[in-house]
Amino acid sequence: MNVKEGISIDNVYLENLLKKFKLLDIRDKYEEEIQLAIEKNLSYREFLANLLMIEEMGKKERLKMRNVKAANFESLKTLDQFDFSFPKTINMAKIKDLQTLTFLEKKENVILIGPPGVGKSHIATSLGIRACEEGKKVLFIPATRLIDELDAAYERKTLKQAFKRLSKIDLLIVDELGHMKLDKEKESIFFQLIRQRYEKNSLIITTNLPLGSWDEIFTSKLAATAILDRLVHHCHIISITGDSYRVKGQN
């Protein structure tokens, strides 16, 4: 079928073509854009550019929503919702700078340190959502679950495949590292994870333990040092102090 030959093109034919080529947003809005082009006397080039921009924005939004769903966030929180006045100490400028995702481009890590309830997970989630908005693959997972799942993969002899899946994640958020004591086997698995992501993909870790106390998680100071050596080499370390926001107003 050739438009130049004068064959009429009805809406059904157009919508079938747009559906075929998966131009979903253009299909939904092309009639509206035709009217707008007529009213504003737009050129063909301007009309086409408007249609393509609509499709681009729609695809970006759908990708964001798919990524957010796949990330398994425990809740959806943005930095705009964070109360920076509550913690006793917090580097607000540094955290807002992280929202630019430059650390992700540079394959750097982020470690958020502080007692329970000061907003570490909130900040980590907000950074993860920003990454999703930019089309990045993100996974949010509690540290205990991550270690248990990798240990189970080791027992099933599928650890290599598990690491391969994680290697496709642009930003891995490991929440609440510190509520555990790893044995030699699990420690080795965690070290392999850190080593495989080193200078390749970014990590965000939230923890209630200062870095000097990480031997409480691992089997020795030597093991903790070996893991921290790779983690902090290209890393933004943010300490937050204060009382728990969860019990705010209960005193």
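In this chain, residues are counted from 1 in sequence order. Excluded from the calculations below are hydrogen atoms, water molecules and symmetry mates; all remaining heavy atoms, backbone and side chain alike, are included. Fair warning: this is a prediction, and the values are worked out from it, not measured in the lab.
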Undergrad: Would you say N11 and Y30 make side-chain contact, with heavy atoms under 4.5 Å?
TA: yes
Undergrad: When rounded to the nearest 0.5 angstrom, what is the spacing between CE in M65 and CD in E133?
TA: 10.0 Å
Undergrad: Rounded to the nearest 0.5 Å, what's the gap from OG1 on T144 to NE2 on H179? Could you check?
TA: 9.0 Å
Undergrad: If you count the non-hydrogen atoms of other residues, nucleotides and ligands that lie under 6.0 Å from NZ in K181, is the total more than 12?
TA: yes
Undergrad: The test is side-chain contact (heavy atoms from CB on, under 4.5 Å); show your working for K160 and K164 and say whether it passes.
TA: CA-CA 6 Å; K160 184 177 179 180; K164 185 175 181 179; 5.8 Å; no
Undergrad: Begin with the C-alpha distance, continue with both residues' side-chain angles, and end with the deciding distance and a verdict on side-chain contact (heavy atoms from CB on, under 4.5 Å) for I240 and I238.
TA: CA-CA 7 Å; I240 308 171; I238 297 176; 4.2 Å; yes
Undergrad: H236 versus K94: any side-chain heavy-atom pair under 4.5 Å?
TA: yes
Undergrad: Using a cut-off of 6.0 Å, state whether more than 12 heavy atoms not belonging to Y198 lie near its atom OH.
TA: yes
Undergrad: Quick check against the 3.5 Å criterion: does K120 have a side-chain atom that pairs as donor or acceptor with the backbone of G114?
TA: yes
Undergrad: One pair to check against side-chain contact (heavy atoms from CB on, under 4.5 Å): I54 and E33. What are the steps and the verdict?
TA: CA-CA 10 Å; I54 287 170; E33 288 301 311; 3.4 Å; yes
Undergrad: Could you please spell out the steps behind the side-chain contact (heavy atoms from CB on, under 4.5 Å) verdict for I95 and I90?
TA: CA-CA 9 Å; I95 291 169; I90 187 169; 3.5 Å; yes
Undergrad: Can a side-chain donor-acceptor contact be found between N201 and Q196 if the only test is distance below 3.5 angstrom?
TA: no
Undergrad: Answer yes when E56 and K60 have at least one side-chain N-carboxylate O distance shorter than 4.0 Å, and no when they do not.
TA: no
Undergrad: Do L127 and V118 belong to the same hydrophobic cluster, where Ile, Leu, Val, Met, Phe, Trp and Tyr are linked whenever their side-chain heavy atoms lie under 4.5 Å apart, directly or via other members?
TA: yes
Undergrad: Do R230 and H233 come close enough that some side-chain heavy atom pair is under 4.5 Å?
TA: no
Undergrad: Could you list the donor-acceptor pairs under 3.5 angstrom formed between side-chain atoms of residues 44-52 and any protein atom two or more places apart in sequence or on another chain?
TA:
from: E46; atom 1: OE1; to: S43; atom 2: N; distance (Å): 2.8
from: E46; atom 1: OE1; to: S43; atom 2: OG; distance (Å): 3.3

Undergrad: Is the shortest heavy-atom distance from the side chain of Q99 to the side chain of S126 under 4.5 Å?
TA: yes
Undergrad: For residues 202-226, which side-chain N or O atoms pair as donor and acceptor with protein atoms under 3.5 Å away, sequence neighbours left out?
TA:
from: S202; atom 1: OG; to: E108; atom 2: N; distance (Å): 3.4
from: S202; atom 1: OG; to: E108; atom 2: O; distance (Å): 2.7
from: T206; atom 1: OG1; to: D175; atom 2: OD1; distance (Å): 2.6
from: T206; atom 1: OG1; to: E176; atom 2: N; distance (Å): 2.7
from: T207; atom 1: OG1; to: L177; atom 2: O; distance (Å): 2.5
from: T207; atom 1: OG1; to: L209; atom 2: N; distance (Å): 3.1
from: W214; atom 1: NE1; to: L209; atom 2: O; distance (Å): 3.2
from: T219; atom 1: OG1; to: E187; atom 2: OE1; distance (Å): 3.0
from: T219; atom 1: OG1; to: E187; atom 2: OE2; distance (Å): 2.8
from: S220; atom 1: OG; to: L222; atom 2: N; distance (Å): 3.4
from: S220; atom 1: OG; to: A223; atom 2: N; distance (Å): 3.1
from: T225; atom 1: OG1; to: K221; atom 2: O; distance (Å): 2.8

Undergrad: For the NZ atom of K59 and the CG atom of D25, what is their distance to the nearest 0.5 Å?
TA: 7.5 Å
Undergrad: For the backbone of E15 and the side chain of R27, can you confirm whether one donor and one acceptor N or O come within less than 3.5 Å of each other?
TA: no
Undergrad: Would you check if L18 and Y13 make a side-chain contact, meaning some heavy-atom pair closer than 4.5 Å?
TA: no
Undergrad: Could you check whether the rings of F140 and F73 sit parallel, tilted or perpendicular, using 30° and 60° as the cut-offs?
TA: tilted
Undergrad: For K29, look at atom NZ and say whether over 12 heavy atoms of other residues, nucleotides or ligands are found less than 6.0 Å away.
TA: no
Undergrad: For the backbone of T78 and the side chain of H122, can you confirm whether one donor and one acceptor N or O come within less than 3.5 Å of each other?
TA: yes
Undergrad: Quick one, E155 and E185 - any side-chain contact, counting heavy atoms below 4.5 Å?
TA: yes
Undergrad: Is there a path of hydrophobic side-chain contacts, each under 4.5 Å between heavy atoms of I, L, V, M, F, W or Y residues, that connects L159 with I141?
TA: yes
Undergrad: For K186, look at atom NZ and say whether over 12 heavy atoms of other residues, nucleotides or ligands are found less than 6.0 Å away.
TA: yes
Undergrad: Do V232 and F190 sit in the same hydrophobic cluster, where Ile, Leu, Val, Met, Phe, Trp and Tyr count as joined when their side-chain heavy atoms come under 4.5 Å apart?
TA: yes
Undergrad: At their closest point, which heavy atom of I173 faces which heavy atom of G128, and how far apart are they?
TA: CD1-CA, 3.9 Å
Undergrad: In this structure, is the centre-to-centre distance between the rings of F84 and F82 below 6.0 Å?
TA: yes
Undergrad: Quick check: closest heavy atoms across L101 and A131, and the distance to 0.1 Å?
TA: CD1-CA, 3.7 Å
Undergrad: Is it true that L166 and L171 fall in one hydrophobic cluster, defined by side-chain heavy atoms closer than 4.5 Å?
TA: no
Undergrad: If you define the side chain from C-beta out and look only at heavy atoms, does anything of R197 sit under 4.5 Å from L172?
TA: yes
Undergrad: Look at E199 together with K107 and state whether they make a salt bridge at an N to O cut-off of under 4.0 Å.
TA: no
Undergrad: Side-chain heavy atoms nearer than 4.5 Å, only ILVMFWY residues, links allowed to pass through others: does that put L139 and L231 together?
TA: yes
Undergrad: Is a side-chain donor or acceptor of D151 paired with a backbone partner of I147 at a separation under 3.5 angstrom?
TA: no
